[in-house]
Student: 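Got a structure for you, questions after.
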Amino acid sequence: MDMKVDGDMGANDRANIGKYIIKINIFFFFLLIIPAFALFGQSDPLVYTRKLLQECNVTKNDSIKIEKLCNLAFFYYDYLGNNKVADSLGEAAIEAGEKSHRPELLYLAYNRYVESNDLHENYRKALDYMQKAEQLSLTGNNPEADFRNFKNLASVYLAGYEYDRALEYSYKILSIAGTSENNGLKAESYLFIGQCLEGKNQKIEAFRNYLNAVGLAERMNDARLLGECYSRLSSFYSFNKLFGKANHYKLLQRDLVLKANPVDSVALMWIEYDLQVVDISSDNNQLYERNMQEILGFAMRHTASRLLNFEIALIRTHYIEANKINQLHDLYYKKFPHELARLASENPALYFRLKAFFCEEGNVPDSALYYFNKAEKLLQSDRNIILQANFYSRFGQFLMRHGLKDKAIEKFSKSLELAKAASYIDYMIAAAKQLETIYAVKGDYKNAFNFSVLNKVLSDSINNMSKKDQLLIMEIDHETRQRDLVAEQEKQSTLRRHYLQYTAITIGILTVFIVLIMLGSLKVPEWIIRMLGFFSFIFLFEFIVLLADHKIEEITNGEPWKVLLIKIFLIAILLPLHHGIEKRVITYLLNHKLLDISRFSALVRIKERVDRWTGGQADRRTGGQADKRTGGQADKRTGGQADKRTGGQADRRTGGRADGRT
């Protein structure tokens, strides 16, 4: 009868647990689906800009106004590609800081201007603002403010190609990061130092700093910081013509973007653009039509004007290098006519260069010369001397094609001078070869010989540089292998340590359950079995949760809301199982003996000793105290009643039987 009742109760419990799990699953489903609609919503750029403008106009808080204005400036610069509007909004933020008459707000406005504008285009202005911000930050003793200020100063100097000054401030931010023991700040500092050293052509030292940054970012598992490190390493490898490695790190960066939820589609398209740049550099100026159309289509659909401008610029470079001027003409006059008008207002030097190419292709050399001259006047103030060297080389080639040899000599000489100042040997060789040819045609053999000798010297330098580049590549590969080896050793050491810990935990849990089963076969107090059973099942189910944590982390990529929902679902299953199994096992151990220890003589002796020990302990603990506590009271309470209740019945039950037995 008792067994039947126990079976019915077990079936009811199982049915209730099943209903409970179904309800939890339904709750989990709705909890998972509802946030998904909000997470994957897309915002319209126009709506976003209107919202920020409205917030700027409404707020009376100056610090909030500065932040909103600079957020809007960054959106115009980084997404819409409108540097003029971005600059105006940044100026408005600085004006708000000045009107507040509060140094901390003016300091904030200066730094936010630099963080939200194109530093190449606004170099002088940005440098002036950051120097003023530096003076403001020196009035206090705030390491965080100093770090931000020095970091932005390093960014400005990098934009102005002043690598020594940028390196000075990069070491300052590393010092502040080291004092604060903040690995994220250290990684950012190493990235800045690497960029400065790379600009100074100290490539091995730059590479080591990049590796230091990557190591810190990987230990922190910071996706944003890792993305920056992978991007810098990709650029480093691409510049040093290690295009396979450049692609590898760019693809690692893409994987990080794809793991995010929701995926940043704009960032993904920028990575595709960077992969195109690597492909063009590594594959002899080859541009894949499918990738080009994908990026152009995305940029136009999402009004990502800056991405569109960069992609058109890449296509333009490809067409010019391949001498496909007809296709370049179609690109601007048929596919993107608005782009040419934009260049006329925002980048007139480039606009005049394009007009010169189109006029020459249309057999209007006089107009082409006119546009080349106008472009020259504008480019003379450009800080990018490599761009100037390339322009004068193309200008000289144009003059050569139209028989203007003396003017061509002037332009090629200018190109050679600028390329030498920039230590750009490729352009130096191209200019020297052109000058050698022109002087030879003119019959000036002395100058032709001089430039021939120069060509020979530059070619030897190229050969020596090629050998140095090979040594550099070998050193970079060695550094990479060393880092990979150390990382693999650390990984294996961690895995071994974890396996040992898991093994020890498993053995511990098994030992606890074996002890529990053995105690269930011994004469021990019930509370000991219940307590040991309680902790045994806690250990078991917590170990299951521990094993599940790794898989949960892999599935969710650390996304908090996903981890929360999966944990709720898991606990909803494990919790009733825990309580149900624990209750049944403890009850069974208390009412049954899983081990018959009478078959084992050694165990029998142990059991007898345990029984004697527990029995003696029980007698000593309860003997005298029980007599004192209950002696008199028990007699008074039960004396007469016990006699009345049991007197006659005891005689009738045992009388005859006792006679027969005796």
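Treat the numbers as computed from the prediction; the structure is a model and nothing was measured.
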Student: Could you go through K420 and E417, starting from their C-alpha distance and side-chain angles, then the distance that decides it, and tell me whether this counts as salt bridge (charged side-chain N to carboxylate O under 4.0 Å, His left out)?
Tutor: CA-CA 5 Å; K420 184 178 179 181; E417 178 186 345; over 6 Å; no

Student: Atom CG of L174 and atom CZ of F147: how far apart are they, to the nearest 0.5 Å?
Tutor: 9.0 Å

Student: Could you check whether any side-chain heavy atom of I173 comes within less than 4.5 Å of a side-chain heavy atom of E188, counting everything from C-beta outward?
Tutor: no

Student: Look only at the side chain of N240 and the backbone of L242, and say whether a donor-acceptor pair between them is shorter than 3.5 Å.
Tutor: no

Student: Give the minimum heavy-atom separation between A177 and S189, together with the two atoms involved.
Tutor: CB-OG, 4.0 Å

Student: How long is the gap from OH on Y163 to CD on Q195, to the nearest 0.5 Å?
Tutor: 9.5 Å

Student: Exactly one of Y230, F243, F207 should register a ring-ring contact (aromatic ring centres under 6.0 Å, His included) with Y237. Which one does?
Tutor: F207

Student: Is the closest side-chain heavy-atom distance between Y110 and L136 below 4.5 Å?
Tutor: yes

Student: Does a donor on one side chain sit under 3.5 Å from an acceptor on the other, for D87 and Y113?
Tutor: yes

Student: Tell me yes or no: between the side chains of Q135 and K132, is some donor less than 3.5 Å from an acceptor?
Tutor: no

Student: Any side-chain heavy atom of N183 sitting closer than 4.5 Å to one from R219?
Tutor: no

Student: How long is the span from the CZ atom in R394 to the CZ atom in F372, to the nearest 0.5 Å?
Tutor: 8.5 Å

Student: Heavy atoms only: give me the nearest L379-L387 pair and the separation to one decimal.
Tutor: CD2-CD2, 4.1 Å

Student: Is it the case that Y351 and E346 place a side-chain donor and acceptor less than 3.5 Å from each other?
Tutor: no

Student: Within the 4.5 Å heavy-atom criterion, are D279 and N247 side-chain neighbours or not?
Tutor: yes

Student: Checking the side chain of E272 only, and the main-chain atoms of I295 only, is there a donor and an acceptor separated by less than 3.5 Å?
Tutor: no

Student: Please list, chain by chain and in numerical order, all residues satisfying ring pair (Phe, Tyr, Trp, His ring centres under 6.0 Å) with Y210, sequence neighbours excluded.
Tutor: F236

Student: What closest approach, in Å, do L127 and L153 show between heavy atoms, and which atom pair accounts for it?
Tutor: CD1-CD2, 4.3 Å

Student: For this output row, return yes or no: ring centroids of Y171 and F150 closer than 6.0 angstrom.
Tutor: no

Student: Looking at residues at least two apart in the chain, or sitting in another chain, which of them share a ring pair (Phe, Tyr, Trp, His ring centres under 6.0 Å) with Y332?
Tutor: none

Student: What is the distance from atom CZ of F395 to atom CZ of R353, rounded to the nearest 0.5 Å?
Tutor: 12.5 Å

Student: Please check: side-chain N/O of S281 versus main-chain N/O of V277, any donor-acceptor pairing under 3.5 Å?
Tutor: yes

Student: Is the closest side-chain heavy-atom distance between E67 and L108 below 4.5 Å?
Tutor: yes

Student: Between T317 and A313, is there a donor-acceptor pair closer than 3.5 Å when you use the side chain of the first and the backbone of the second?
Tutor: yes

Student: Cut-off 3.5 Å, side chains only: do E121 and N83 have a donor facing an acceptor?
Tutor: yes

Student: When you check the gap from the basic side-chain N to the acidic O, do R232 and E228 get nearer than 4.0 Å?
Tutor: no

Student: Please tell me if the side chains of K125 and E91 come closer than 4.5 Å, counting only heavy atoms from C-beta onward.
Tutor: yes

Student: Hey, does Y249 have a side-chain heavy atom less than 4.5 Å from the side chain of S235?
Tutor: no

Student: Take the angle between the ring planes of Y424 and Y427 and call it parallel below 30°, perpendicular above 60°, tilted in between.
Tutor: tilted

Student: When rounded to the nearest 0.5 angstrom, what is the spacing between NZ in K186 and CG in L216?
Tutor: 7.0 Å

Student: Hey, is the main chain of R124 close enough, under 3.5 Å, to the side chain of D128 for a donor-acceptor pair?
Tutor: no

Student: Going from CG on L69 to CD1 on I64, what distance comes out if it is rounded to the nearest 0.5 angstrom?
Tutor: 12.0 Å

Student: Do K200 and E205 sit within salt-bridge range, that is, some charged N less than 4.0 Å from a carboxylate O?
Tutor: no

Student: Any donor-acceptor pair under 3.5 Å linking the side chain of S88 with the backbone of K84?
Tutor: yes

Student: Keeping the roles fixed (side chain from N347, backbone from L343), state whether a donor-acceptor pair exists under 3.5 Å.
Tutor: no

Student: Quick check: do R165 and Y169 have side-chain heavy atoms less than 4.5 Å from each other?
Tutor: yes

Student: Less than 4.0 Å between a side-chain N and a carboxylate O, is that true for E410 and K407?
Tutor: no

Student: Apply the side chain to side chain contact (heavy atoms under 4.5 Å, CB included) test between C196 and each candidate in D164, L191, L158; give the one that qualifies.
Tutor: L158

Student: Kindly give the heavy-atom pair with the smallest separation between C70 and S116, and that separation in Å.
Tutor: O-CB, 3.3 Å

Student: Return yes if some donor-acceptor pair links the side-chain N/O of N390 with the main-chain N/O of I386 below 3.5 Å, else return no.
Tutor: no

Student: Below 4.0 angstrom, N of the basic side chain to O of the carboxylate: do E144 and R148 qualify?
Tutor: no

Student: Which heavy atom of L105 sits nearest a heavy atom of S63, and at what distance?
Tutor: CD2-CB, 3.5 Å

